Amino acid sequence: MSPQPEPPPGDLPDVSEKGNITSQEEEANVLLVVEAKSAARGKSAPLSPVGWFRMLGRELDWSFVAGVVSTYGVSQGLGGGIMRVASDYYWKDVQRVQPSAAQVYQGVTSIPWMVKPLWGLLTDVLPIAGYRRRPYFVIAGFMGVVAMLVLSLHSKLHVLFALLALMAGSASVAIADVTIDACVAENSIIHPHLAADMISLNGFCSSVGGLIGFSISGFLVHAIGPQINVVFLKGALGMLAIPSALVILAGMMIKDVHMPDFPYEQAHMKFVEASKKMFVTLKCPEVWRPCVYMYMSLALSVDIQEGMFYWYTNKSAGLSFSEGFIGFIFAIGSVGSLIGVILYQNVLKNYSFRSVLCLSQLLLSLSGMLDLILVLRLNLKLGIPDYYFAVIDEGVSKMINRIKWFPLLVLSSKLCPPGIEGTFYALLMSIDNVGLLSGSWAGGLILHVLNITRTEFKNLWAAILIRNAMRLLPLTLLFLVPRSDQNSNLLPADLLTEDDCAQSQVDSVELTSLTVDGKSSTCSLHQGCKHQEYVEQDDDEVSLLANRS
């Protein structure tokens, strides 16, 4: 963006006309805006990774960045990496179920992610002890600690109780995810130019955490050896209480405004109002069309990972990979995911939604052919051992999946109306997760129909071929995706400037607070919307006037 001539102080939005800010504070605000614009002119060059983190911490507040690291990096990344290896072996070697059943059970444990709008609605309209975000982090962390300790201390739970415990652990991660996503959605409205950067931060933390988690799990399995069923699983599941405990700590640290006089007797009215606004937003073609695409693209990308996992570890009909090598394969997958983050952040984030989604869907189908080559053992004819080819396969697959996932997340963050950002973002994420669940169960059905069991894999190649063909079908639905680039606002103006916009955003004063000489004051959102055209002339002014302490 070319530098704009600095407007005289009289052209700045008059935030004092309602008596919210004194004239002295207004003059200080003007000086801060001028200083920010001057500094921004010298920062046009691409930022280094350290500079990028510093910029995000300065613009979005360090407590937000710490919350992302704890939730995405530690809870979802590191904890998810350990859980992936532990749960796969748990269903295979402890519960001893068929791969099709394991595929279904893995989908069932993701049900808490299907009801994310409920968690989002609670965080948006029902504060606890006067806080909207902190208590939900604490509740989520506590649930995770209890669930993982139950699994750790009881090695032979009935399959039903094991499923419930894993669902509780999944709910812990989902609630924490919704709470931090609400902050992401709020910041995407205040900082539209940083939406892609926030998604990249989430993905970076998740990938690095996953790399560490998979590496740890692989090391533990390798060190423990044949005692995996008892020692490793109990120890690994018990370790998952640590990420949940860190989520509690993040909740206590994150910036949140205390509202001691919240009218709880009116909470049901707020639920009704939020529900009505969600319904109105969903009726908008700019919203429901991308929602249809997001669901279909994920549902048609069927998942048969349990069939591949059973084949990897089978000693007679499969590749007989050791437990330690399975952890190593997944760790390399996290490296591929991290490469996908870097490619998206530095190359793809400025392209249109349609371009990136078309490219990623094509690459996803082509990368699936690597599984076919491995199952048909064609890699041996090419002189590539199974170990190396499996590592390459996992790394490439995770990289492309990450590239596909990011534009969907950016698209979701830009479809959230003011006032119910957390709820609506959670709704969109639940649509995505229902799509993933549909794809997982469809994969389980394919494995069952083709009679792929714990020891029988002769039709695994056919399952892979069907999956790869289905991955091409979402290309026919790309017309549902906006043509615009990923830095544009997508919602119609009437959804961004509703009369209740001001009041709903006043409830989130932490995003619009401005500290001047140790005094905290709140800018009126109504006037911010009124002067939206001026604000759009320089995003740096928005960054300064929002989320500063």
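Values reported hereafter were calculated over all heavy atoms of this structure, with side chains retained and with hydrogens, waters and symmetry mates removed. Keep in mind the model is a prediction, meaning the values are calculated, not measured.
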**Prompt:** Going from CD1 on I326 to CG on D88, what distance comes out if it is rounded to the nearest 0.5 angstrom?
**Reply:** 8.5 Å
**Complete:** Heavy-atom closest pair (V302 atom, A442 atom, distance to 0.1 Å) is CG1-CB, 3.7 Å
**Message:** Tell me whether S367 contacts the main-chain N or O of L363 through its side chain, where contact means a donor paired with an acceptor under 3.5 Å.
**Reply:** yes
**Message:** As an exercise, state the distance from OG of S360 to CG of L348, rounded to the nearest 0.5 Å.
**Reply:** 9.0 Å
**Item:** Side-chain donor-acceptor pair present, Y295, S438, cut-off under 3.5 Å
**Value:** yes
**Request:** Evaluate whether atom CZ of F479 has more than 12 neighbouring non-hydrogen atoms of other residues, nucleotides or ligands under 6.0 angstrom away.
**Result:** yes
**Prompt:** Between atom CG of L300 and atom OG of S365, what is the distance when rounded to the nearest 0.5 Å?
**Reply:** 12.0 Å
**Message:** Counting C-beta onward and ignoring hydrogens, is there a side-chain heavy-atom pair between F353 and V410 closer than 4.5 Å?
**Reply:** yes
**Asked** Less than 4.5 Å apart, any side-chain heavy atom of Q106 and any of D303?
**Response** no
**Request:** Evaluate the side-chain proximity of F457 to V375: yes if any heavy-atom separation is below 4.5 Å, no if none is.
**Result:** no
**Message:** Pair R467, D371 - check side chain to side chain contact (heavy atoms under 4.5 Å, CB included), show working.
**Reply:** CA-CA 11 Å; R467 180 200 64 184; D371 286 336; 2.9 Å; yes
**Asked** Does the side chain to side chain contact (heavy atoms under 4.5 Å, CB included) test come out yes or no for V335 and F214, once each step is laid out?
**Response** CA-CA 10 Å; V335 174; F214 285 128; over 6 Å; no
**Prompt:** Do Q98 and H448 have side chains that get closer than 4.5 Å, going by heavy atoms?
**Reply:** no
**T179 side chain reached by W119 side chain, heavy atoms, under 4.5 Å** = no
**Whether Y344 and F406 hold their rings parallel, tilted or perpendicular, with breakpoints at 30° and 60°** = perpendicular
**Asked** Taking the side chain as C-beta and beyond, is there a heavy-atom pair between S301 and K404 under 4.5 Å?
**Response** yes
**Request:** Grab the two heavy atoms, one from L357 and one from P407, that are nearest each other, plus how far apart they are.
**Result:** CD2-CG, 3.6 Å
**Request:** Count the heavy atoms of every other residue, nucleotide or ligand shown that sit under 6.0 Å from CZ of R54, and state whether that count exceeds 12.
**Result:** no
**Asked** With under 30° as parallel and over 60° as perpendicular, where do the rings of F328 and F325 fit, or are they tilted in between?
**Response** tilted
**Item:** Donor-acceptor pair, side chain of S110 and main chain of W113, under 3.5 angstrom
**Value:** no
**Asked** Quick check: does any side chain N or O of R454 sit under 3.5 Å from a backbone N or O of K92, one acting as donor and the other as acceptor?
**Response** yes
**Prompt:** What closest approach, in Å, do P482 and R354 show between heavy atoms, and which atom pair accounts for it?
**Reply:** O-CG, 3.6 Å
**Asked** Parallel, tilted or perpendicular for F204 and W52, by the 30°/60° rule?
**Response** perpendicular
**Fill in**
Nearest heavy-atom approach of P290 to P285 is CD-O, 3.9 Å
**Item:** Under 3.5 Å: donor-acceptor pair, side chain of Q345, backbone of D197
**Value:** no
**Prompt:** Atom CD in Q103, atom CD1 in I446: separation rounded to 0.5 Å?
**Reply:** 9.5 Å
**Message:** Under the criterion side chain to side chain contact (heavy atoms under 4.5 Å, CB included), I'd like the reasoning laid out for V178 against M429: C-alpha separation, chi angles, the key distance, then a yes or no.
**Reply:** CA-CA 9 Å; V178 167; M429 289 297 97; over 6 Å; no
**Request:** Please indicate whether M369 has more than 12 foreign heavy atoms, meaning atoms of other residues, nucleotides or ligands, lying under 6.0 Å from its CE.
**Result:** yes
**With D393, the side-chain contact (heavy atoms from CB on, under 4.5 Å) member among I329, I373, L370** = L370
**Request:** Mind listing the closest non-hydrogen atom pair of M148 and G169 along with its distance?
**Result:** CE-CA, 3.9 Å
**Request:** For the pair N314 and S316, evaluate side chain to side chain donor-acceptor pair (under 3.5 Å) and give the outcome as yes or no after the intermediate values.
**Result:** CA-CA 6 Å; N314 188 273; S316 57; 3.1 Å; yes
**Item:** Pair I242-V74, side chain to side chain contact (heavy atoms under 4.5 Å, CB included): steps then yes or no
**Value:** CA-CA 9 Å; I242 299 176; V74 180; over 6 Å; no
**Prompt:** Quick one: CD1 on I392 to OH on Y387, what's the gap to the nearest 0.5 Å?
**Reply:** 15.0 Å
**Asked** Tell me, do F321 and D386 make a side-chain contact under 4.5 Å, heavy atoms counted?
**Response** yes
**Prompt:** Are the side chain of S170 and the backbone N or O of T109 linked by a donor-acceptor pair below 3.5 Å?
**Reply:** yes
**Prompt:** Do N379 side-chain atoms and F389 backbone N/O form a donor-acceptor pair below 3.5 Å?
**Reply:** no
**Prompt:** Which atom names give the shortest non-hydrogen contact between I82 and G213, and what distance separates them?
**Reply:** CG1-O, 3.6 Å
**Request:** Say whether Q76 and T71, considering side chains only, have a donor N or O and an acceptor N or O under 3.5 Å apart.
**Result:** no
**Request:** Rounded to the nearest 0.5 Å, what's the gap from CG on L149 to CG on L240? Could you check?
**Result:** 10.0 Å
**Request:** Compare all side-chain heavy atoms of L436 with those of S440 and state whether any distance is below 4.5 angstrom.
**Result:** no
**Message:** Donor-acceptor pair, distance only, cut-off 3.5 Å: does the side chain of D177 make one with the backbone of V173?
**Reply:** no
